[in-house]
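Contents: one structure, followed by commentary.
All residue numbers in this chain count up from 1 along the given sequence.
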Amino acid sequence: TNAGPEAKNGNVNQRLDSNGTEKVLEAGKNAIQEHKNLKKQYKLGSLAGSGGFGSVFSTKDRVNKMRVAVKRVSHDTQKSKLTNWTEIGFLAIAKHPNIVTFYDSWLVKDTKKNIEEVWIVLEFLYGGTLSQAAQSYKFEDRHIAYVAREVLLGLKYLHSLNW
């Protein structure tokens, strides 16, 4: 079962002090679980996006019976590990309606291919990217104002954590 990051990281709505970076890294390291039989829980679907950050798949979580996004990222260099721990720690701590929800993260080792990656399991956001929406629909001033307001509310929340 998915205990969620609250169970792993205690009080997640804490303000970050001067040691904030260390807290984020520690939260990220603690949130990564050892690989289990992920095929039992997750059925990877179609590729939702990819880039320098890794690949994101629309995925069926069979245990929790919901659609999730699985972001697969390389975890084989010190730089990639630091980046992954930071992202996972940030997502595990940040709880706001305008920030994607973090569910789990898994360390996956493929000894045959000699690769190590992390699967970051996130809320699946339907509708595509903002760029895709802007290409498909005519945004009026009220739509732009709404998007800007929601982004700023997320930013205000991050500032309340001293980020």
Side-chain angles (χ1 to χ4, degrees), residues 1-14 23-77 79-113 115-137 146-147 149-151 153-158 161 163:
T1 50
N2 181 348
E6 293 85 359
K8 298 174 201 165
N9 298 316
N11 180 11
V12 295
N13 286 320
Q14 58 191 326
K23 288 181 183 178
V24 169
L25 287 173
E26 192 63 31
K29 289 177 185 178
N30 290 337
I32 297 176
Q33 302 172 64
E34 287 295 320
H35 168 9
K36 62 174 190 171
N37 185 357
L38 296 178
K39 290 183 180 179
K40 254 186 178 175
Q41 181 165 355
Y42 302 109
K43 181 178 182 199
L44 288 181
S46 60
L47 182 68
S50 65
F53 58 84
S55 301
V56 178
F57 294 86
S58 170
T59 303
K60 175 71 176 171
D61 181 334
R62 295 174 173 147
V63 173
N64 295 302
K65 299 185 180 1
M66 62 187 207
R67 174 90 28 216
V68 296
V70 171
K71 181 177 178 182
R72 296 173 61 174
V73 292
S74 174
H75 196 70
D76 52 3
T77 67
K79 182 179 178 182
S80 66
K81 289 177 182 182
L82 187 62
T83 299
N84 296 341
W85 293 329
T86 302
E87 178 177 359
I88 293 165
F90 165 82
L91 291 170
I93 291 170
K95 299 292 174 214
H96 189 272
N98 296 2
I99 297 173
V100 67
T101 302
F102 167 82
Y103 295 123
D104 266 320
S105 57
W106 300 97
L107 180 63
V108 180
K109 296 180 183 180
D110 187 333
T111 53
K112 291 179 185 175
K113 295 180 183 176
I115 61 169
E116 190 172 292
E117 65 182 12
V118 170
W119 289 19
I120 305 171
V121 184
L122 305 164
E123 167 187 19
F124 185 81
L125 302 174
Y126 293 90
T129 66
L130 182 57
S131 295
Q132 291 167 332
Q135 290 173 1
S136 300
Y137 304 101
Y146 174 80
V147 171
R149 178 182 183 274
E150 295 303 307
V151 168
L153 286 173
L155 188 58
K156 179 181 177 184
Y157 167 74
L158 294 176
L161 296 177
W163 281 343

What are the two closest heavy atoms between Gly54 and Val73, and how far apart are they?
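Between these two residues, the closest heavy atoms are CA-CG1, 4.2 Å.
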
For a quick test of reading the model, state the closest non-hydrogen atom pair linking Gly128 to Gln132 and the distance between them.
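Reported closest heavy-atom pair: CA-OE1, 3.0 Å.
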
Does the [X] side chain pair with the main chain of [Y], one donor and one acceptor, at a distance under 3.5 Å?
X: Ser58; Y: Gly45; value: no
X: Asn98; Y: Glu150; value: yes
X: Ser131; Y: Thr129; value: no
X: Tyr103; Y: Ala69; value: no

Please evaluate residues Trp119 and Gln33 with respect to the criterion side-chain contact (heavy atoms from CB on, under 4.5 Å), reporting the C-alpha separation (whole Å), side-chain torsions for both, the decisive distance (0.1 Å), and the verdict.
CA-CA 10 Å; Trp119 289 19; Gln33 302 172 64; over 6 Å; no

Nearest 0.5 angstrom please: [X] [atom1] to [Y] [atom2], how far?
X: Leu82; Y: His75; atom1: CG; atom2: NE2; answer: 10.0 Å
X: Arg67; Y: Asp61; atom1: CZ; atom2: CG; answer: 10.0 Å
X: Leu158; Y: Ile99; atom1: CG; atom2: CD1; answer: 4.0 Å
X: Lys71; Y: Glu117; atom1: NZ; atom2: CD; answer: 12.5 Å
X: Leu25; Y: Ile88; atom1: CG; atom2: CD1; answer: 11.0 Å
X: Leu161; Y: Lys95; atom1: CG; atom2: NZ; answer: 11.5 Å

Validation row: [X], [Y] side chains within 4.5 angstrom (heavy atoms):
X: Ile93; Y: Phe102; result: no
X: Trp106; Y: Val70; result: no
X: Glu116; Y: Lys81; result: yes

Please identify which of these residues, Leu91, Asp104, Val68, meets the side-chain contact (heavy atoms from CB on, under 4.5 Å) condition with Leu122.
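That would be Leu91.
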
Checking Val118 against Val108 for the side-chain contact (heavy atoms from CB on, under 4.5 Å) test, could you report, in this order, the C-alpha distance in whole Å, the side-chain angles of both residues, the deciding distance, and whether it holds?
CA-CA 6 Å; Val118 170; Val108 180; over 6 Å; no

Is the number of heavy atoms from other residues, nucleotides or ligands within 6.0 Å of CZ (Arg62) greater than 12?
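More than 12 within 6.0 Å, yes.
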
Check against side-chain contact (heavy atoms from CB on, under 4.5 Å), Leu47 and Ser55
CA-CA 7 Å; Leu47 182 68; Ser55 301; 3.8 Å; yes

side-chain contact (heavy atoms from CB on, under 4.5 Å), that's the test. Do Glu87 and Phe53 meet it? Break it down for me.
CA-CA 11 Å; Glu87 178 177 359; Phe53 58 84; over 6 Å; no

